[in-house]
Structure formats: C-alpha cells, structure tokens
Peer 1: 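Here's a structure for you.
Read the numbers this way: they start at 1 and go in the same order the structure lists the ligands and their atoms. Every value quoted in this text rests on a predicted model; they were computed, and no experiment measured them.
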Amino acid sequence: MENKKKIEEYIQILRDNKIRVTDQRVAILNYMIEKESHPTAREIYEALKDDYPSMSVATIYNNLEIFVALGFVLDLHYGAESARFDLTDCMHYHAICEKCGRIVDFNYPKLNQVEHDVAELTGFEVRSHRLEIFGVCPACQKNK
Ligand code: ZN
Ligand code: MN
C-alpha cells in the first residue's frame, strides 16, 4: 500500500513535468521502490527484460537520467564501478564496498549539526552535505 502511494507520487511528478508516463518508466520506478537497493542500469535491465523485450540498457539509462534531472533519483558514481542509481526521498549516507560495489544506506543523526556548525565557521549559506564511507562489506570479508 505504501509502495503504491510512492509510485503515484512519482507518476505525478512525471505528469507535472510533461514527461510521458510509459509502462517502462513505471516498471523502472516500481523496481527501484520494491528493491530498495542501488541498482545499475544493467541490473534493472536484467530484472525487466523478460517483461519488456523492447527495452534496452540504453533506454533504461536514458530514463534514469530523466529521473535524475527531475531530482528524485541520485546518480552515484564511485571509482571505476558503473553508475548506481538511488531512488531517495530522505537524507541518508552511503557505505560503499570497494570489492563488489554494493552500497548500503545508513543514517547518522549526529551529523545534522554539521551544517549549522560549518555555516558558523565559514559564513557559508550551507545547502547540503555528503558523506561516503569506503570499505569491505560483510559478504566480501567472508570471501577473502
Ligand atoms: Zn562487497
Ligand atoms: Mn541510498
């Protein structure tokens, strides 16, 4: 039910921006909502290709770039890995595995203060911040 509400919100954003609401776009969004992961365009392709034979990796990539431009998907590029995409509606940070490229979300509420402190220290009007932690995920630690 919750997911159904989310997809409707994204469809409304597409409509508001005069982007056509195609079955493929809805399928990509549904996949990202349900998986709660950070897929590459190819991973989405592998998951959807049987249901949408006319969809290529390039189509998916182009659609993801539209979502990025509309502001509800983040394009995550870490090192030499192919881009991963994050459908996100709230502030969070990423822990990135340097072996397999897996990205795990985490929150760290203590950092909410940092924007305020940096504004005081530098006089900046602070708009946002990012934090990325690099390491080796539990699964890759086991496979050593
Ligand atoms: Zn890993
Ligand atoms: Mn994320």
Peer 1: Please tell me if the side chains of L76 and F85 come closer than 4.5 Å, counting only heavy atoms from C-beta onward.
Peer 2: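 Contact flag for L76/F85 side chains = no.
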
Peer 1: Look at the aromatic rings of Y93 and H129 and report parallel, tilted or perpendicular, splitting at 30° and 60°.
Peer 2: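 Ring orientation, 0 to 90° scale: tilted.
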
Peer 1: Determine which of the N, O or S atoms in D86 is closest to the Mn ion (ligand 2) and give its atom name.
Peer 2: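 Checking each N, O and S atom of D86, the shortest distance to the Mn ion (ligand 2) belongs to OD2.
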
Peer 1: Once rounded to 10°, what is the value of the angle centred on the Zn ion (ligand 1) between C100 SG and C137 SG?
Peer 2: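 Seen from the Zn ion (ligand 1), SG and SG are separated by roughly 120°.
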
Peer 1: Side chains of E115 and F124: does their closest heavy-atom pair fall under 4.5 Å?
Peer 2: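 With C-beta onward as the side chain, the pair stays apart.
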
Peer 1: Once rounded to 10°, what is the value of the angle centred on the Mn ion (ligand 2) between H92 NE2 and D105 OD1?
Peer 2: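 NE2 of H92, the Mn ion (ligand 2) and OD1 of D105 span an angle of about 90°.
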
Peer 1: I'd like to know if the side chain of R25 reaches the main chain of R20, judged simply by a donor and an acceptor atom lying under 3.5 Å from each other, with no hydrogens or angles considered.
Peer 2: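 Checking the backbone N and O of R20 against the side chain of R25, a donor-acceptor pair under 3.5 Å is found.
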
